[in-house]
Amino acid sequence: MATHKKPLQLLKQPNLWPTLLWVGLLRLLVLLPYRWQLHIGAGFGWLLSHLARERRHVTHTNLHLCFPDLSDAEHQKMFKKVFHHNGIGLMEAAMAWWAPESWFKQRVTLKGQEHLDAALAKGKGVIMLGAHFSTLDLGGLLFSFHYPLNTLYRPNNNPLLDRIIYNGRARFTHNIDRSDFRSVIRKLKNNEIIWYAPDQDFGMKQSVFVPFFGVPAATLTATTRLAKLNDSPLLMLAQHRTESGQYELELYPAIEPFPTGDLQDDASLINQAIETAIRKDPAQYMWVHRRFKSHPKGKNYLYRSPSQTESKTS
């Protein structure tokens with residue numbers, strides 16, 4: 001599959017050197033046995049849970065917002081598990097980019113394959129909803145063992161990291177810039193699968209506010225536009241690691257009717273599908289992201305400390 005080939009002038013960009021060192025470390029760690037890497041990833045998660053102050057705050061806030069019925073002890077337990085899974089997910093991403101595929105071919109189960117086959121039988125291509133699970137990149141590799149895959153992505157602001165991620169994913173998927181609708185149309189008309197994760201907050205432009213775990217969240221309307229391009233069916237893919245060291249991918253029935261003719265109703269259906277997938281094991285979701293960044297009272301309103309909120313209103 002196509003990769004970035006234009007050389008980066010790393011010697012002339014010292015701001016990229018920390019990224020180069022970090023990626024180099026990951027590349028070396030991938031040479032270790034699989035089980036060792038999982039333990040190292042868990043260690044990364046433990047460190048982040050203690051050192052990444054901003055991510056700690058965002059995660060605590062998200063869990064309080066989305067799971068208000070948790071006791072303090074339950075909340076803290078889930079908080080620790082979130083960082084545990086995200087740390088492992090960091091190593092799994094590196095494995096997806098560089099490790100032998102043979103490590104994983106006997107570790108994956110795909111459920112609900114009949115739903116995708118029925119959608120493909122319509123000959124209109126398929127929009128496959130994803131979400132930011134901690135197994136994000138590895139899930140793409142695992143799915144590609146069963147079906148060819150195209151992935152919509154947003155280029156990373158760090159050019160070196162973007163190069164690494166793009167080329168790593170090109171090993172198992174065809175990357176399509178999310179603004180390249182011409183390529184999307186071509187793939188759908190060829191009855192191919194487009195994976196798309198609409199579960200991040202990119203601001204209010206081309207978004208609507210609908211509930212996500214009961215909290216109003218800016219939700220992209222682009223999914224509706226994608227489905228309309230070729231009248232393609234839309235279904236959800238969940239992905240999780242199990243306690244036994246296996247990976248489970250699960251496809252859900254196509255969301256119908258979709259589109260509904262109402263952007264808010266469409267966005268609500270999408271968030272409901274993503275919620276259902278997350279609730280299989282909520283701690284495996286990337287709660288470290290600011291999912292509720294947009295707010296009528298101002299950007300990051302829900303993530304401000306009480307003192308910040310008071311200063312803004314005084």
Side-chain angles (χ1 to χ4, degrees), residues 15 18-19 22 44-87 89-90 130-134 136 153-158 161-162 178 197-223 263-264 267-268 270-279 281-314:
N15 60 307
T19 303
W22 174 240
F44 283 151
W46 182 86
L47 281 174
L48 288 171
S49 72
H50 287 79
L51 301 178
R53 182 178 177 182
E54 181 180 344
R55 295 299 179 184
R56 285 173 53 88
H57 172 67
V58 169
T59 303
H60 274 305
T61 301
N62 285 337
L63 295 182
H64 278 302
L65 288 170
C66 296
F67 304 96
D69 295 333
L70 291 180
S71 67
D72 289 344
E74 290 170 332
H75 173 94
Q76 190 60 25
K77 182 178 180 180
M78 184 181 289
F79 173 84
K80 291 179 179 179
K81 288 177 68 176
V82 167
F83 277 93
H84 173 84
H85 285 300
N86 275 267
L90 179 63
H132 285 77
F133 298 99
S134 60
L136 184 69
Y153 83 105
R154 181 179 69 88
N156 195 283
N157 294 331
N158 180 317
L161 193 55
D162 181 60
R178 64 178 185 170
D199 61 326
Q200 289 190 310
D201 186 335
F202 290 110
M204 283 311 302
K205 186 179 180 181
Q206 297 181 339
S207 295
V208 292
F209 270 115
V210 293
F212 182 70
F213 282 86
V215 184
T219 304
L220 292 167
T221 58
T223 313
L263 290 176
Q264 285 202 289
S268 292
I270 291 163
N271 281 356
Q272 288 166 19
I274 294 172
E275 275 190 45
T276 298
I278 291 172
R279 288 186 186 277
D281 190 342
Q284 293 198 37
Y285 187 64
M286 291 186 184
W287 296 109
V288 296
H289 290 164
R290 295 175 185 263
R291 181 62 187 90
F292 308 106
K293 178 171 56 180
S294 299
H295 194 276
K297 293 186 178 181
K299 186 177 179 180
N300 288 322
Y301 176 80
L302 293 176
Y303 297 104
R304 296 174 190 165
S305 65
S307 59
Q308 288 177 310
T309 303
E310 290 172 6
S311 65
K312 290 286 184 179
T313 57
S314 61

Student: Please report whether the ring centroid of Phe79 lies less than 6.0 Å from that of His60.
Tutor: yes
Student: Please check this pair: side chain of His84 against backbone of Gly45, looking for a donor-acceptor N/O pair closer than 3.5 Å.
Tutor: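 Answer holds: no.
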Student: How far does CG of Leu65 sit from CZ of Arg291, to the nearest 0.5 angstrom?
Tutor: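 The CZ atom of Arg291 is 12.0 Å from CG of Leu65, to the nearest 0.5 Å.
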Student: With rounding to the nearest 0.5 Å, note down the distance linking OG1 in Thr59 to NE2 in His75.
Tutor: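 That separation rounds to 9.0 Å.
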Student: Any side-chain heavy atom of His50 sitting closer than 4.5 Å to one from Phe83?
Tutor: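 With C-beta onward as the side chain, the pair stays apart.
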Student: As an exercise, state the distance from CG of Asn62 to CZ of Arg55, rounded to the nearest 0.5 Å.
Tutor: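 Output value for this atom pair is 10.0 Å.
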Student: Which heavy atom in Asp201 sits nearest to a heavy atom in Arg290, and how many Å separate them?
Tutor: CB-O, 3.8 Å
Student: Specify the closest pair of heavy atoms between Arg279 and Phe67, including all atoms of both residues, with the distance to one decimal.
Tutor: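 Distance-wise, the nearest heavy atoms are NH1-CE2, 4.3 Å.
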Student: Please report the shortest heavy-atom distance between Ala197 and His132, naming the atom on each side.
Tutor: CB-CE1, 3.8 Å
Student: Flag the pair Val288 / Val58 as yes when at least one side-chain heavy-atom distance between them is below 4.5 Å, and no otherwise.
Tutor: no
Student: Evaluate the ring planes of Tyr285 and Phe212, with Trp represented by its six-membered ring, and classify them as parallel (under 30°), tilted (30 to 60°) or perpendicular (over 60°).
Tutor: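 Geometry flag for Phe212 against Tyr285: tilted rings.
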Student: To the nearest 0.5 angstrom, please state how far the CD1 atom of Ile274 sits from the CZ atom of Phe133.
Tutor: 8.0 Å
Student: Can you give me the closest heavy-atom contact between Asn158 and Thr19, atom names plus distance?
Tutor: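 Minimum heavy-atom separation between Asn158 and Thr19: ND2-OG1, 2.9 Å.
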Student: Show the nearest heavy-atom pair for residues Thr219 and Ala267, with the distance to one decimal.
Tutor: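 Reported closest heavy-atom pair: CG2-CB, 3.8 Å.
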Student: Can you give me the closest heavy-atom contact between Met204 and Ala218, atom names plus distance?
Tutor: SD-CB, 3.7 Å
Student: Is the shortest side-chain heavy-atom distance between Asn86 and Leu48 below 4.5 Å?
Tutor: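 A side-chain contact is absent here, since even the closest heavy-atom pair is not under 4.5 Å.
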Student: Given the ring of Phe202, does Arg154 sit roughly above its face, with NZ or CZ under 6.0 Å from the centre of the six-membered ring and within 45° of the axis?
Tutor: no
Student: Evaluate the criterion side-chain contact (heavy atoms from CB on, under 4.5 Å) for residue pair Val82 and Met78; output intermediate values, then yes/no.
Tutor: CA-CA 6 Å; Val82 167; Met78 184 181 289; 4.3 Å; yes
Student: Any donor-acceptor pair under 3.5 Å linking the side chain of Asn156 with the backbone of Asp162?
Tutor: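 Answer holds: no.
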Student: First locate atom CD of Gln284, then atom CD1 of Ile278, and finally report the distance between them rounded to the nearest 0.5 Å.
Tutor: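 Between Gln284 CD and Ile278 CD1, I get 11.5 Å after rounding to 0.5 Å.
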Student: State the CG-CD distance between Leu63 and Gln76, to the nearest 0.5 angstrom.
Tutor: 9.5 Å
Student: Is a side-chain N or O of Gln206 found less than 3.5 angstrom from the main chain of Leu220, in a donor-acceptor match?
Tutor: no
Student: Return the orientation label for the Phe213 and Trp287 ring planes: parallel under 30°, perpendicular over 60°, tilted otherwise.
Tutor: perpendicular
Student: Show your reasoning for whether side-chain contact (heavy atoms from CB on, under 4.5 Å) applies to Phe292 and Tyr301.
Tutor: CA-CA 9 Å; Phe292 308 106; Tyr301 176 80; over 6 Å; no
